[in-house]
Number of protein chains: 2
Amino acid sequence: MQGGSGSVTIHEVAEKAGVSIKTVSRVINHEANVRADTKERVLAVIAELNYRPNPSARHLAGTHGYNIALLYDNPSPSYLIDLQSGALESCHAEGFHLILQPCGFHDQNLEATINNLIVESRVPGLILSPPLSDAAGLIEKLEQWGVLHARIAPIDVARPGPYVAVDDRGAAFELIGHLIEQGHRRIGIIKGHPDHGAGHWRYEGYLTAMRQHGLPIDEDLIVQGYFSFESGLEAGRKLLSLSDRPTAIFAANDDMAAGVLHIAHDMGIDVPGQLSVAGFDDTPLSRHVWPSLTTVRQPVQEMARQATMQLIDRIRKRGLSESGPSAMYCSLVIRDSTGAAPNL
Amino acid sequence: MQGGSGSVTIHEVAEKAGVSIKTVSRVINHEANVRADTKERVLAVIAELNYRPNPSARHLAGTHGYNIALLYDNPSPSYLIDLQSGALESCHAEGFHLILQPCGFHDQNLEATINNLIVESRVPGLILSPPLSDAAGLIEKLEQWGVLHARIAPIDVARPGPYVAVDDRGAAFELIGHLIEQGHRRIGIIKGHPDHGAGHWRYEGYLTAMRQHGLPIDEDLIVQGYFSFESGLEAGRKLLSLSDRPTAIFAANDDMAAGVLHIAHDMGIDVPGQLSVAGFDDTPLSRHVWPSLTTVRQPVQEMARQATMQLIDRIRKRGLSESGPSAMYCSLVIRDSTGAAPNL
DNA sequence: ACAGCGATTGACAACGTTATCTATACGCTA
DNA sequence: TAGCGTATAGATAACGTTGTCAATCGCTGT
């Protein structure tokens, strides 16, 4: 192994395999019209020399680039890391590079920023994570520019193009069902950020579960949150100050659930003795707080991996293939923050 | 603004400015020997056409690449995100790209992986975050390969090359001082991961503070941790099970401090009434747990930004300049998990 | 055996930039 | 004013790959 300089080029591979560089190019790009034995021979040499095509040269010569951008707007660090590692994994496996692009959903210059990115980095496609997965204006521009995309956990599932989502609604439904089984009747909910699809579907799951079990929907028990700890704190305070306060609170993510826990401790309310609290996402935080949170595990990394694969697929096929959406499942994680409803 | 294809090239700039492409190249690379008025004219055209050099072409033609790799081994998500955004900021400002490279400190193939990265992506330099900042074998290889680096928070500050560090020792000293002022005498410490420099210096700070205040160092109060929540849980259990248990515990990071808090709650020990707990890093977690943690804020993002700038500087100067280390300061954040020592 | 035709392969010109080497312009000394 | 050295500028060849188009191979049907 020699470091730094002098990496293997396509020419060396071609010479050693006794073919032209174009044939090697065909092999590494999975093109048709290469005889099986030729292909095999070339692949053997590639393996032997440990040849890797130079991404810059491909960029320069090719019609499309090998950079995929991951767009994100400030979700929680752990969510973001999962997203990244999933995307990174697929990119690595398929020889693409991942470009990180933080950007504000409500940023005035969003479209200009992304345009710059596309032009500068020759980005043939991007991954949109929530809430960008529902930035309608941006998505239209992308289609107009001929830039592909894959969306993660969008609200608007009718829009064309591939996306990967989890069954947020079903998972919330299941979670609320669990609480009801434990004897809870007054269950409060802290809704997620209105820009995010996930919040929307989790709320729907709550409503469905309540209705299906014949429980009344009390507007006082429904509070808007914004996925932040602080918003959970505030919403929790509101819910727990009600004269007829809920015996259980479902927060649409773990950060907000941690806020509820915080307030409950401040107010001297025992969890889960007097109050059950549940979150969503199964972030590390859910294990770190006390008592540890009942929550829902989402396969974020796997979602990112799949979305990236779908995107790469579309890039390879120049957007001609229409890989459908893929749905994934969540699993309920029951920990110490939920228990039987108190006897009143 | 036109998206997707047909970006401006150096030729168009050259033609419009009435110079050769080489002159344009000189201007954009800050090379000497360009008359001031020529330079100005070229810059004007560049601005007018909104020209951006094509990174791939630069890679291909140039002696060095424009990709900087950030090496990391699984620190906490929030730390990692801060690291990334700092590095990203500098890269963006200076026209470099950031490549993320997760890698295991103890991985057998570490050097081979990095070599691959360097060869494939033409990486002229990398940023080493803890604990990679002290991967002696890797660093020697890098020097051998002629690949530059900048280190973040290393243990071995004697080694040549730029690094950025905070005064971990001083901050821990100050924190322990604060606890002593509050009347604490038996102060336990949960040490950080032995691979990380930070853990080392924080422990030194503890020792110095204890000695300086004339307090005995009790081996029973010193427990090895590994920066994880679980290790904090275990270490906390050990400390709190002592017959003569400490009235305060300093954990070398927030995750471990959260573990101590968790155990204290399990054991029915009131915080801060019967036990004070302090962490380090000021992660979001420190605000989310209850009671919120007294901790130390580190300018992680700023460190990453500076380290990246230093690295880029060295790359531009081909490693000839020897920018020295830069040190940054931490600040004590006093919250609700610490208080006066209980009256025995 | 031979034309015909698709499957397979190759030669060579891009792609946009930097590096090298050469040519000109300018300012100074004798 | 000639001569010389040094700033400044340009022409052209890389860099490693893909795209285009032409050439050849190998099979089919007669």
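Residue A:H11 contributes atom NE2, which lies 8 Å from atom P of D:dT17 at whole-angstrom precision. Taking atom CD of residue A:E15 and atom P of nucleotide D:dG16, one finds them 14 Å apart after rounding to whole Å. Nucleotide D:dT18 holds its P atom 12 Å from the NE2 atom of A:H30, rounded to whole Å. Rounded to a whole Å, the NZ atom of A:K39 is 16 Å from the P atom of C:dA7. One can place CD of B:E31 at 12 Å from C1' of C:dT20, the figure rounded to the nearest angstrom. Atom CG in A:L60 sits roughly 13 Å away from atom C1' in D:dG19 (whole-Å rounding). When rounded to the nearest whole Å, the span between OH of A:Y66 and P of D:dG16 equals 17 Å. When the C1' atom of C:dT17 is taken as reference, atom CD1 of B:I28 falls 8 Å away, rounded to whole Å.
Put simply, the side chain of B:P124 does not reach to within 4.5 Å of the side chain of B:L148, judged on heavy atoms. Proximity of B:H149 to B:I127: side-chain heavy atoms (C-beta onward) are nowhere separated by under 4.5 Å. Side-chain contact check for A:Q301 versus A:L83: every heavy-atom pair is 4.5 Å or farther apart. Inter-residue side-chain proximity for A:E89 and A:E94 is flagged as unmet; no heavy-atom pair is nearer than 4.5 Å. B:T9 is not listed as a side-chain neighbour of B:V13, based on a closest heavy-atom distance of 4.5 Å or more. No side-chain heavy atom of B:C91 sits under 4.5 Å from any side-chain heavy atom of B:H97.
Defined by atom type and a distance below 3.5 Å, a donor-acceptor pair is present between the side-chain atoms of B:D195 and B:H106. Residues B:Q84 and A:Q84 bring a donor and an acceptor atom of their side chains to less than 3.5 Å of each other.
Under a 3.5 Å cut-off, the side chain of B:N54 and the backbone N or O of B:A57 do form a donor-acceptor pair. Between the A:R151 side chain and the A:D156 main chain, a donor and an acceptor come within less than 3.5 Å of each other.
Over its full length, the helix from C:dA1-D:dT30 to C:dA30-D:dT1 turns its helical axis through 40°, comparing axes from the five pairs at each end and rounding to 10°.
Contact check of residues 51-58 of chain B against DNA chain D (heavy atom, cut-off under 4.0 Å) returns no residues at all.
In this structure, A:Y72 has no ring pair (Phe, Tyr, Trp, His ring centres under 6.0 Å) partners at least two apart in sequence or on a different chain. Residues that satisfy the side-chain contact (heavy atoms from CB on, under 4.5 Å) test with B:R26, not counting sequence neighbours, are B:K22, B:T23, B:E31, B:V34.
Each of A:L126, A:D73, A:L70 was checked for a side chain to side chain contact (heavy atoms under 4.5 Å, CB included) with A:L132, and the lone residue meeting it is A:D73.
Regarding contacts with the backbone of C:dT18, a side-chain N or O of B:S25 is found under 4.0 angstrom from either OP1 or OP2. Contact check, A:N29 against D:dT18: a side-chain N or O comes under 4.0 Å of OP1 or OP2.
Classified by interplanar angle (parallel below 30°, tilted 30° to 60°, perpendicular above 60°), the ring pair A:Y66/A:F96 is tilted.
The nucleotide whose nearest atom lies closest to any side-chain atom of B:N33 is, among D:dA9, C:dT18, D:dT8, D:dT8.
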Extract from the structure each pairing of a protein N or O with an N or O of nucleotides 23-28 of chain C at less than 3.5 Å, listing the distance.
none

Please write out each protein N/O paired with an N/O of nucleotides 10-12 of chain D under 3.5 Å, distance rounded to 0.1 Å.
from: D:dG10; atom 1: OP2; to: B:S20; atom 2: N; distance (Å): 2.7
from: D:dG10; atom 1: OP2; to: B:S20; atom 2: OG; distance (Å): 3.2
from: D:dG10; atom 1: OP2; to: B:T23; atom 2: OG1; distance (Å): 2.8
from: D:dG10; atom 1: O6; to: B:R26; atom 2: NH2; distance (Å): 3.0

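Counting any heavy atom pair closer than 4.0 Å across all strands shown, B:H59 reaches no nucleic acid atom.
Nearer the 5' end of DNA chain D, as judged by each residue's closest nucleotide, is the contact made by B:T38, out of B:T38 and A:G62.
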